[in-house]
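Heads up: the structure comes next, in structure tokens.
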Amino acid sequence: MSVLDQLAQWISQAIETGFSVTVPPEEVQLDLPPDAALGDLAFGCFPLAKACRRAPQQIALELARRLEGHPGLVAVRADGPYLNLSLEKSAWFAEVLGGWLAAGPELALPAEQRRRYLVEFSCPNTNKPQHLGHVRNNFLGDALSRLLGAVGHEVTRVNLINDRGIHICKSMLAWQRWGEGRTPENTGRKGDHLVGDSYVEFASRLAAEEAAWRQDRGLAGPATEVEHAKFEAQSELLGAARLLLQAWEAGDEGVHALWRRMNDWVLAGYRETYTRQGIDFDRVFYESEIWKLGRSEVEEGLARGVFRREPGGAVVCPLEELGLEPKILLRSDGTAIYMTQDLGNAVMRHRQLGFDAMIYVVGSEQEHHFRVLFHILGKLGYDWAGRLTHFSYGMVNLPSGRMKSREGTVVDADDLLDELELACRRVLEESQKRSDLPDAQKDEIVCQLALAAVKYFVLKVNPRLDMLYDPEESIDLAGNTGPYLQYAHARIRSLVRKSGLEPDGQQSFELLVEPEEVELLKTLALWPREVRLAAAQLNPARVAQRTYELARCFSRFFNAHSVFDRVDDPRLAAQRIALVAAVGAALRRGLDLLGIPTPERI
RNA sequence: GCUCCCGUAGCUCAGUGGAUAGAGCGUCGGUCUCCGGAACCGAGUGCGUAGGUUCGAUUCCUACCGGGAGCACCA
């Protein structure tokens with residue numbers, strides 16, 4: 001039994017014998033006192049006050065009296081309503097460091113709490129390259145999958161690539177008309193960017209067409225909704241794009257050939273982007289393969305009276321119970337919409353892969369959509385509808401405001417990493433520290449630093465909230481940043497290498513008594529609990545915060561004490577090396593949960 | 001108009017209803033004959049407003065103010 005579990009059990013017993021109140025050990029909540037001088041761990045007696053019918057202060061006094069003298073407890077005191085406990089450190093060090101220096105502490109939940117998770121994330125459209133919004137999605141989906149896997153769940157990472165629809169037809173049309181036969185091969189341009197160029201071309205040509213259309217009609221000022229709708233109905237370009245979509249849906253061979261060719265360009269580009277970001281998937285689905293699936297679900301729902309047909313011919317799902325207007329599921333012309341496809345998609349997913357829970361990593365602007373989707377699935381009688389979760393994350397804004405593709409203010413994912421790598425390379429070369437490293441290794445370190453900078457920057461903020469992406473701040477390597485954490489790790493690895501020791505924790509630790517050492521011990525001891533909490537809250541940012549706190553705690557220790565230089569007692573050096581190596585292992589684990597690489601040298 | 005989310009330090013963000021609300025950046029001032037200074041320490045300023053629940057509220061509830069998003073036969 002671990003030191004913490006033992007302590008919880010003693011407290012549980014003391015409550016039982018002292019007040020005849022039952023609190024299971026796993027519900028004994030141990031916290032850190034605000035000041036280490038009070039003790040190592042604290043137990044707040046407030047929640048017991050009611051059941052014990054006693055003031056928290058009295059409960060603390062009584063518990064302190066009963067715990068006095070337990071082996072391994074060096075001090076027990078009641079400070080007001082708190083029970084503060086000081087532990088015998090040597091055995092605690094041995095347990096905690098031994099755990100980190102072996103396989104790492106047990107993070108997995110009890111078997112009965114483990115689940116099969118499907119995590120769907122990324123889900124890009126294949127008409128243009130990925131931008132900062134996708135980057136947040138990719139990082140969050142990846143980190144969430146890692147986190148759930150770390151606590152023992154079985155995780156399947158799923159990507160659904162939206163490779164069909166009107167948006168691709170716009171890129172296709174522009175490429176046909178103005179692409180001049182450009183290909184990734186004959187231009188050297190990355191495929192997704194090349195296709196994106198055509199999409200941009202389409203948008204600007206369409207804007208020009210609308211301007212001309214308005215001029216012909218003598219319309220001035222900003223377009224009203226009605227005018228805009230009228231233009232869209234009459235637009236030659238949009239009409240041509242729609243014709244392409246119809247031809248695609250009819251299976252036109254020429255259209256499919258072009259579509260396949262351009263999609264392949266994009267997908268090849270995406271593969272590079274994903275690799276560079278350290279993102280991968282267990283299953284990749286393509287919208288083009290499953291887009292028809294939803295229709296039969298809707299027809300069955302119609303037959304069973306869950307849905308109804310409107311006079312115009314459209315099929316809708318009534319939603320009075322949510323206080324909402326009926327949701328259209330099939331247009332009056334019989335074609336499917338987004339919701340229809342998502343219905344089919346969910347049903348297919350459940351049939352094909354099965355799951356205890358499925359998590360959709362999608363921006364907060366689609367909260368309404370998912371609420372309605374889950375509700376309709378429930379109405380269709382799928383009991384697993386209650387096991388679907390929309391992991392809703394906030395938007396990424398820039399110092400200049402919201403990203404707008406129309407105004408060209410989107411931050412491209414590849415450009416972003418290019419710039420970060422450039423900045424990291426500059427710093428690395430200016431520092432001249434690693435001039436001895438071969439170029440290939442320097443290149444790799446530069447990539448790892450850049451990735452750490454952007455990943456940590458994005459992952460350290462609460463996913464639910466909108467966030468500000470400040471390019472200036474993101475290339476900073478000091479302070480609460482990914483590179484700072486990598487650096488702390490690399491320093492530790494360097495120390496361990498230089499020590500010539502290979503600590504495994506199988507030793508005594510009676511010489512580690514400095515406050516900074518004890519702080520590290522406590523941080524390491526409580527780390528597994530924090531990870532489980534982060535997983536339960538679906539919050540990778542919590543892992544980022546805890547990992548940073550550990551690194552800062554280490555820096556404080558390292559600044560105050562020598563590890564082996566000027567340490568006369570070789571036993572103290574060996575004990576400190578073991579401590580430091582355990583911190584290194586924990587930093588690596590924390591960064592790994594965030595998908596951030598941990599180079600041995602920087 | 002209706003619904004949802006967010007207002008914590010100059011800026012960007014932490015903070016399971018409990019002890020003196022914390023970090024980073026920026027500003028100012030320090031440390032170290034430093035094993036990797038991308039470090040460490042100190043100073044300074046803060047819970048949008050008003051009520052309510054509670055022994056106790058930054059945290060829960062209500063209203064208001066401010067910001068954002070959503071409410072398509074778009075995705």
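First the proteins, then the strands, lettered A, B, ... as listed; each starts at 1.
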Salt bridge or not between Glu600(A) and Arg493(A)? Use side-chain N to carboxylate O under 4.0 Å.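 Yes, charged N to carboxylate O under 4.0 Å.
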
Under a 4.0 Å N-O cut-off, is there an ion pair linking Arg571(A) with Asp569(A)?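 Salt bridge: yes.
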
Touch check for [X], heavy atoms < 4.0 angstrom, all strands: base, sugar-phosphate only, or nothing?
X: Pro81(A); result: nothing
X: Ala488(A); result: nothing
X: Leu533(A); result: nothing
X: Ile328(A); result: base
X: Gln29(A); result: base
X: Asn462(A); result: sugar-phosphate
X: Asn84(A); result: base
X: Leu449(A); result: base

Proximal nucleotide (of [options]) relative to the [X] side chain:
X: Asp466(A); options: A39(B), C13(B), G68(B); result: G68(B)
X: Ala478(A); options: G36(B), A38(B), A75(B); result: A38(B)
X: Asn162(A); options: A75(B), U16(B), U12(B); result: A75(B)
X: Tyr487(A); options: U12(B), C73(B), A38(B); result: A38(B)
X: Ala314(A); options: A69(B), C73(B), A75(B); result: C73(B)
X: Arg491(A); options: G36(B), A69(B), A38(B); result: G36(B)
X: Tyr484(A); options: U16(B), A39(B), A75(B); result: A39(B)

Check whether [X] reaches the backbone of [Y] with its side chain - one donor and one acceptor, N or O, closer than 3.5 Å.
X: Asn137(A); Y: Ser122(A); value: yes
X: Asn159(A); Y: Cys123(A); value: yes
X: Thr523(A); Y: Glu519(A); value: yes

For RNA chain B, which residues of residues 543-553 of chain A approach it to below 4.0 angstrom with any heavy atom?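 Within this stretch, Gln545(A), Tyr548(A), Arg552(A) sit under 4.0 Å of the strand.
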
For RNA chain B, which residues in residues 554-568 of chain A have a heavy atom at a distance below 4.0 Å?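 Residues of residues 554-568 of chain A under 4.0 Å from RNA chain B: Ser555(A), Arg556(A), Phe558(A), Asn559(A), His561(A), Ser562(A), Val563(A), Phe564(A), Asp565(A), Arg566(A).
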
Using a cut-off of strictly less than 4.0 Å, decide whether [X] has a side-chain nitrogen or oxygen near OP1 or OP2 of [N].
X: Ser332(A); N: C73(B); value: no
X: Arg542(A); N: U16(B); value: yes
X: Tyr338(A); N: A75(B); value: no

Please list all pairs passing the salt bridge (Lys or Arg N to Asp or Glu O under 4.0 Å) test where one or both residues lie in residues 530-552 of chain A, with sequence neighbours left out.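 The answer is Glu530(A)-Arg542(A), Glu530(A)-Arg546(A), Arg546(A)-Glu549(A).
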
Sorted by first residue and then second, give each salt bridge (Lys or Arg N to Asp or Glu O under 4.0 Å) pair with at least one member in residues 314-324 of chain A; sequence neighbours left out.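 Listed once each, the pairs are Glu321(A)-Lys379(A).
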
For the aromatic rings, using the six-membered ring if either is Trp, is the centroid distance between Tyr548(A) and Tyr456(A) under 6.0 Å?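 They do not qualify: ring centres at least 6.0 Å apart.
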
Centroid-centroid distance, Tyr199(A) to His167(A), less than 6.0 Å: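 So the answer is no for these two rings.
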
Look at the rings of Tyr469(A) and Phe457(A) and say which category their plane angle falls in: under 30° parallel, 30 to 60° tilted, over 60° perpendicular.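 Because their plane-to-plane angle is over 60°, the rings of Tyr469(A) and Phe457(A) count as perpendicular.
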
Separation between the [atom1] atoms of [N] and [M], rounded to whole Å:
N: G66(B); M: A50(B); atom1: C1'; answer: 15 Å
N: G46(B); M: U62(B); atom1: P; answer: 29 Å
N: A72(B); M: U54(B); atom1: C1'; answer: 46 Å
N: A38(B); M: G24(B); atom1: C1'; answer: 14 Å

Residues two or more places apart in sequence or in another chain: which of them pass salt bridge (Lys or Arg N to Asp or Glu O under 4.0 Å) with Glu502(A)?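 Checked Glu502(A) against salt bridge (Lys or Arg N to Asp or Glu O under 4.0 Å); zero matches.
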
Please enumerate all residues that pass salt bridge (Lys or Arg N to Asp or Glu O under 4.0 Å) together with Glu514(A), with sequence neighbours excluded.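 Residues passing salt bridge (Lys or Arg N to Asp or Glu O under 4.0 Å) with Glu514(A): none at all.
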
Mind checking what makes side chain to side chain contact (heavy atoms under 4.5 Å, CB included) contact with Glu325(A), not counting sequence neighbours?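 Residues passing side chain to side chain contact (heavy atoms under 4.5 Å, CB included) with Glu325(A): none at all.
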
Distances for protein N or O near nucleotides 59-61 of chain B N or O, under 3.5 Å:
none

Can you tell me which stems involve RNA chain B, if a stem is defined as three or more consecutive Watson-Crick or G-U wobble pairs, both distances under 3.5 Å?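 Detected stem regions: B:1-7 with B:65-71, B:10-13 with B:22-25, B:27-31 with B:39-43, B:48-52 with B:60-64.
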
Listing time: all N or O pairs from protein to nucleotides 1-8 of chain B that are below 3.5 Å?
| unit_1 | atom_1 | unit_2 | atom_2 | d |
| --- | --- | --- | --- | --- |
| C6(B) | OP1 | Arg464(A) | NH1 | 2.8 |

If you look only at distance, which donor and acceptor atoms sit under 3.5 Å apart when one is on a side chain in residues 458-465 of chain A and the other is two or more places apart or in another chain?
| unit_1 | atom_1 | unit_2 | atom_2 | d |
| --- | --- | --- | --- | --- |
| Lys460(A) | NZ | Asn480(A) | O | 3.1 |
| Asn462(A) | OD1 | Arg464(A) | N | 3.0 |

Does the side chain of [X] come under 3.5 Å of the side chain of [Y] through a donor N or O and an acceptor N or O?
X: Glu517(A); Y: His561(A); answer: no
X: Ser171(A); Y: Asn127(A); answer: no
X: Thr389(A); Y: Tyr360(A); answer: no

Any pair counted as side chain to side chain donor-acceptor pair (under 3.5 Å), so long as it reaches residues 26-42 of chain A, sequence neighbours left out: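 Non-adjacent pairs meeting side chain to side chain donor-acceptor pair (under 3.5 Å): Asp40(A)-Lys89(A).
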
